[in-house]
Amino acid sequence: MSGQHPDVAGEPTQTGTALLETATAAIQGFGPINQIHQHFCAFHFYGDDMTRQVEAHHFCAHLNEEVRQCLIYDSPTSDARLIGIEYVVSENLFMTLPDSEKPLWHSHEYEVKSGMLFMPGIPGPIERKDLEKLVKTYGKTYHFWQVDRGDAIPLGLPQLMMAFTRDGQLYDHLAKDVEKRFGVSFEEERAKRAYLKGPDHGVHPRANGGGKGQKTVLRETDCKPGTHAHDTSVPRVFV
């Protein structure tokens, strides 16, 4: 993303709306948002199409030592669009997941060790202390807004996203654009992170889609009735 104001459907925010937001912000608390303490820049691709690659800015909070939750935006600017979410878990928690669940999660080892995942503005030695933990984790990511195809509002189904696992997958022009805008070098950082060690048991073979594409699909099904199942007057479908 270029950082320019994105094309979003709708009229510009009115002065009255802005004033109302200022008033409510002075009164209400924003506990969950205030827990965000980290900003990671990385890249995702659609689980069924590696040619669709997007820059993803993660704003993350720890729920505990083994679980983080992240809001994902298309840029770090104030007009950024919220495009998805990611949950990050430790290797220990990932290993407890059912085998049917594991393909929905991606490993972070390559992302971290390659240098393509970084914390903008954070000095390398401080950044790498956290990456020593992140390199062993797994993430589950869904994007709701397909900004890469120019959608003005979120359209379609949430899409399962994946992360890169080896050299040659990320488009060179995307990498160079991010390196230039944020003043970083993936290759220099790769050398400095060579000591980092990935998951203790190695990357699980069922992670990263199990080596296959994963696509979100919608299908029709019967709508289960509400709590008063005996009441045939309760509609099962609302139109």
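Just so it is clear, the structure is predicted and the values come from calculations on it, not from any experiment.
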**OP:** In sequence, state the C-alpha distance, the side-chain angles, and the governing distance for K224 and D222, and then conclude on side-chain contact (heavy atoms from CB on, under 4.5 Å).
**Re:** CA-CA 6 Å; K224 295 180 180 179; D222 287 337; over 6 Å; no
**OP:** Could you tell me the separation between the CZ atom of F45 and the OH atom of Y171, rounded to the nearest 0.5 Å?
**Re:** 11.0 Å
Original post:
Can you find a heavy atom in the side chain of R68 that is under 4.5 Å from one in the side chain of Q38?
Top reply: yes
Original post:
Do I36 and C60 pass the side-chain contact (heavy atoms from CB on, under 4.5 Å) test, and can you show the C-alpha distance, the side-chain angles, and the key distance before you say yes or no?
Top reply: CA-CA 5 Å; I36 290 175; C60 305; 5.9 Å; no
**OP:** Go through the steps for Q159 and R52 under the test side-chain hydrogen bond (donor to acceptor under 3.5 Å, both in side chains), then give the verdict.
**Re:** CA-CA 12 Å; Q159 296 295 311; R52 297 181 64 188; 5.8 Å; no
**OP:** Would you sort out whether N208 and T165 count as a side-chain hydrogen bond (donor to acceptor under 3.5 Å, both in side chains), showing the intermediate values?
**Re:** CA-CA 8 Å; N208 303 303; T165 57; 5.8 Å; no
Original post:
What about L104 and L93, same hydrophobic cluster or not, with Ile/Leu/Val/Met/Phe/Trp/Tyr joined at side-chain heavy-atom distances under 4.5 Å?
Top reply: yes
**OP:** Spell out, as yes or no, whether a donor-acceptor pair under 3.5 Å connects the side chain of E179 to the backbone of F186.
**Re:** yes
Subject >> Inter-residue atom distance Y138.OH - F94.CZ, 0.5 Å rounding >> reply: 5.0 Å
**OP:** Would you check if the side chain of Q169 reaches a backbone N or O of R166 as a donor-acceptor pair within less than 3.5 Å?
**Re:** yes
Original post:
Do the charged groups of K140 and E101 touch, with an N to O distance under 4.0 Å?
Top reply: yes
**OP:** Could you tell me whether the side chains of H173 and Q53 share a donor-acceptor contact shorter than 3.5 Å?
**Re:** no
Original post:
So do L117 and L131 actually touch side chain to side chain, heavy atoms under 4.5 Å?
Top reply: yes
Subject >> Any side-chain heavy-atom pair of K102 and D99 under 4.5 Å >> reply: yes
Subject >> Check: E55/H57 side-chain N/O donor and acceptor closer than 3.5 Å >> reply: yes
**OP:** Decide yes or no for K215 and L160: does some side-chain heavy atom of the first lie under 4.5 Å from some side-chain heavy atom of the second?
**Re:** no
Original post:
Do I72 and H44 come within less than 4.5 Å of each other through their side chains, counting heavy atoms only?
Top reply: yes
Original post:
Counting distance only, does the side-chain N/O of Y110 pair as donor-acceptor with the main-chain N or O of D167 below 3.5 Å?
Top reply: yes
Original post:
Is L174 linked to I83 within one hydrophobic cluster, defined over Ile, Leu, Val, Met, Phe, Trp and Tyr using a side-chain heavy-atom separation of less than 4.5 Å?
Top reply: no
Subject >> Derivation and outcome, salt bridge (Lys or Arg N to Asp or Glu O under 4.0 Å), residues K192 and E127 >> reply: CA-CA 11 Å; K192 294 175 181 177; E127 176 187 53; over 6 Å; no
Original post:
Is a side-chain donor or acceptor of K136 paired with a backbone partner of G198 at a separation under 3.5 angstrom?
Top reply: yes
Original post:
Looking only at heavy atoms, what is the nearest atom pair of D151 and W145, with distance?
Top reply: O-NE1, 2.9 Å
Subject >> Gap separating the CD atom of E187 from the CE atom of M116, nearest 0.5 angstrom >> reply: 9.5 Å
**OP:** Start with the C-alpha distance between E132 and R128, add both sets of side-chain angles, then the distance that settles salt bridge (Lys or Arg N to Asp or Glu O under 4.0 Å), and finish with yes or no.
**Re:** CA-CA 6 Å; E132 290 172 5; R128 288 189 287 276; over 6 Å; no
Original post:
So if you build clusters from Ile, Leu, Val, Met, Phe, Trp, Tyr with side-chain heavy-atom gaps below 4.5 Å, do L170 and F182 land together?
Top reply: yes
Original post:
Among the clusters formed by ILVMFWY side chains lying less than 4.5 Å apart, do L218 and F144 turn up in the same one?
Top reply: no
Subject >> Reported CZ-to-CZ distance for the pair F43 and F164, which is rounded to 0.5 angstrom >> reply: 8.0 Å
Original post:
When clusters are formed by joining ILVMFWY residues with side-chain heavy atoms under 4.5 Å apart, either directly or through shared neighbours, do M162 and V147 land in the same one?
Top reply: no
Subject >> Donor-acceptor pair, side chain of N64 and main chain of V67, under 3.5 angstrom >> reply: yes
**OP:** Look up atom OH in Y87 and atom CD1 in I85, then write down how far apart they are to the nearest 0.5 Å.
**Re:** 3.5 Å
**OP:** Verify whether one side chain among E86 and Y142 offers a donor that lies under 3.5 Å from an acceptor in the other.
**Re:** no
Original post:
Are E65 and K133 close enough for a salt bridge, meaning some N to O gap below 4.0 Å?
Top reply: yes
Subject >> S90 and N92 side chains, donor-acceptor separation under 3.5 Å >> reply: no
Original post:
Just by distance, do the side chain of R81 and the backbone of D74 share a donor-acceptor pair under 3.5 Å?
Top reply: no
Subject >> Check: K113 side chain, V135 main-chain N or O, donor-acceptor pair, under 3.5 Å >> reply: no
Subject >> Flag side-chain contact, heavy atom, 4.5 Å: L155 against I153 >> reply: yes
Original post:
Considering all heavy atoms of both residues, which atom of M161 and which atom of H106 are nearest to each other, and what is their separation?
Top reply: O-ND1, 3.9 Å
Subject >> Shortest non-hydrogen separation from G115 to R193 and the atoms involved >> reply: CA-NH1, 3.4 Å
Subject >> Minimal non-hydrogen separation, L157 against Q146, with atom names >> reply: O-NE2, 4.2 Å
Original post:
Do the two ring centres, one from F40 and one from F118, sit under 6.0 Å apart?
Top reply: no
Original post:
Between the side chains of Q214 and D48, is a donor N or O closer than 3.5 angstrom to an acceptor N or O?
Top reply: no
Subject >> Distance, nearest 0.5 Å, that separates CZ of F59 from CG of L71 >> reply: 9.0 Å
Original post:
Does S107 reach the main-chain N or O of E109 with its side chain, forming a donor-acceptor pair under 3.5 Å?
Top reply: no
Original post:
Taking atom types as modelled and ignoring hydrogens, do the side chains of H58 and H39 form a donor-acceptor contact shorter than 3.5 angstrom?
Top reply: no
